[in-house]
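Note that the coordinates shown come from a computational prediction; the quantities given were computed from them, not determined experimentally.
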Amino acid sequence: CVYGACVGIDLDEDVIEEILEEEIVEVDEQEVEVLEEEVVEEMGEYGSEGLGLSFEYSSTYGYDDKSVEGKVQAHFIRPGDRSFILRAGGDGEDDGLYLDVESTGVLTVGGVDAKMYVFPDGYCDGPDCSPAFVAVEFFWGESFGAFELYGVIELDEEYQAVLDSVVLE
């Protein structure tokens with residue numbers, strides 16, 4: 001039984017096909033609307049009260065604290081090629097982490113100027129090299145911070161959202 005064909009109504013084959021196409025389009029649109037409503041990304045928040053720094057990041061990243069000797073080294077890792085590291089400290093003695101590389105530009109992070117550095121071939125320390133990454137370094141008060149954003153050679157929407165959420169106190 002297709003649209004009345006089982007009760008004796010004789011429909012043209014083209015009419016039946018047109019009706020089916022309309023129905024399929026309607027179902028697809030409904031499924032798309034439901035999927036769009038269900039995709040809500042949860043956010044995590046990182047904060048260091050001692051440094052007065054906080055930011056938001058996608059909860060799809062795992063967090064691993066590798067801080068040593070008063071220096072923050074917060075690793076945010078997601079399976080695949082996406083990860084980032086926050087390096088930060090507050091002794092006022094740091095001149096910068098990327099002194100041997102020329103800055104590729106200036107942007108604003110947490111209301112202060114930040115220098116951007118691009119490492120298209122990664123960073124080689126010993127026999128191993130890191131994946132390509134963008135580093136963003138900034139200073140406020142007696143503190144410094146740097147994000148190393150791996151898997152990219154220019155800022156993308158996801159990493160930009162992390163930088164845009166930075167709050168410095």
Side-chain angles (χ1 to χ4, degrees), residues 30-169:
Q30 289 173 353
E31 287 179 13
V32 167
E33 287 176 21
V34 170
L35 288 175
E36 287 176 358
E37 289 175 14
E38 291 177 5
V39 177
V40 175
E41 188 171 340
E42 292 185 29
M43 299 301 287
E45 185 171 345
Y46 173 86
S48 172
E49 289 182 20
L51 290 175
L53 176 145
S54 64
F55 62 90
E56 293 183 344
Y57 61 95
S58 167
S59 62
T60 59
Y61 286 89
Y63 168 69
D64 188 15
D65 185 2
K66 299 213 180 242
S67 299
V68 291
E69 300 176 23
K71 303 280 187 203
V72 171
Q73 289 190 47
H75 293 234
F76 298 84
I77 304 158
R78 183 168 67 194
D81 63 351
R82 300 292 287 202
S83 65
F84 66 95
I85 298 173
L86 167 67
R87 300 181 192 280
D91 56 19
E93 297 178 14
D94 288 283
D95 294 327
L97 298 173
Y98 312 103
L99 299 176
D100 55 344
V101 178
E102 191 172 323
S103 171
T104 58
V106 177
L107 59 151
T108 301
V109 173
V112 299
D113 285 345
K115 289 184 179 179
M116 185 166 70
Y117 303 87
V118 177
F119 294 81
D121 299 320
Y123 181 78
C124 298
D125 187 14
D128 297 326
C129 296
S130 73
F133 70 98
V134 171
V136 177
E137 181 179 53
F138 49 98
F139 297 86
W140 76 106
E142 293 291 310
S143 301
F144 75 92
F147 283 95
E148 293 177 359
L149 310 162
Y150 291 92
V152 297
I153 58 172
E154 59 185 47
L155 291 177
D156 62 12
E157 186 176 313
E158 181 178 345
Y159 284 149
Q160 186 65 56
V162 170
L163 298 175
D164 290 345
S165 73
V166 171
V167 175
L168 303 173
E169 298 172 11

- Query: Y61 and ring pair (Phe, Tyr, Trp, His ring centres under 6.0 Å): which partner among Y150, F76, Y159, F84?
  - Reply: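 Of the listed options, the one satisfying the test is F84.
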
Donor-acceptor list for residues 108-118 side chains, cut-off 3.5 Å, not counting sequence neighbours:
none

Determine the minimum heavy-atom distance between [X] and [Y], stating which atoms define it.
X: Y98; Y: E148; answer: OH-OE2, 2.7 Å
X: D121; Y: C129; answer: O-CB, 4.4 Å
X: G90; Y: S143; answer: CA-OG, 3.7 Å
X: W140; Y: F144; answer: CZ3-C, 3.5 Å
X: A146; Y: F138; answer: N-CE2, 4.1 Å
X: V134; Y: E154; answer: CG2-N, 3.6 Å

- Please report the C-alpha distance between L107 and L155 in whole Å, then the side-chain angles of each, then the deciding distance to 0.1 Å, and finally whether the side chain to side chain contact (heavy atoms under 4.5 Å, CB included) criterion is met. CA-CA 11 Å; L107 59 151; L155 291 177; 4.0 Å; yes

Can you tell me how far [atom2] of [Y] sits from [atom1] of [X], rounded to the nearest 0.5 angstrom?
X: S83; Y: R78; atom1: OG; atom2: CZ; answer: 9.5 Å
X: L163; Y: L149; atom1: CG; atom2: CG; answer: 5.5 Å
X: S165; Y: Y46; atom1: OG; atom2: OH; answer: 13.0 Å
X: Y123; Y: D100; atom1: OH; atom2: CG; answer: 6.0 Å

- Message: Per the salt bridge (Lys or Arg N to Asp or Glu O under 4.0 Å) rule, what does the pair list look like for residues 49-65, sequence neighbours excluded?
- Response: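 Passing the test, one end in residues 49-65: D64-K66.
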
- Task: Output, in order, the C-alpha distance, side-chain angles, deciding distance and verdict of ring pair (Phe, Tyr, Trp, His ring centres under 6.0 Å) for F55 and F147.
- Result: CA-CA 11 Å; F55 62 90; F147 283 95; 5.1 Å; yes

- Message: Are R82 and V152 packed together at the side-chain level, in the sense that at least one heavy-atom pair is separated by less than 4.5 angstrom?
- Response: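 Heavy-atom side-chain distance check passes, below 4.5 Å.
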
- Message: Just so I know, are the side chains of S54 and E45 near enough to count as touching, which here means a heavy-atom distance under 4.5 Å?
- Response: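 Sidechains of E45 and S54: in contact.
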
- Message: With side chain to side chain contact (heavy atoms under 4.5 Å, CB included) as the criterion, how do L86 and H75 come out once you've worked through the C-alpha distance, each side chain's angles and the decisive distance to 0.1 Å?
- Response: CA-CA 7 Å; L86 167 67; H75 293 234; over 6 Å; no

- Query: Has I153 got more than 12 heavy atoms of other residues, nucleotides or ligands less than 6.0 Å from its CD1?
  - Reply: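 Incorrect, the count does not exceed 12.
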
- S67 side chain vs Q73 backbone, donor-acceptor pair below 3.5 Å: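 Here the side-chain-to-backbone pair exists.
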
- Is R87 salt-bridged to E137, cutoff N-O under 4.0 Å?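 Here R87 does not pair with E137 in a salt bridge, since their nearest N and O are not under 4.0 Å apart.
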
- Distance-only donor-acceptor check, side chains D156 and Q160, under 3.5 Å: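 There is no such pair (donor and acceptor under 3.5 Å, judged by atom type) between the side chains of D156 and Q160.
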
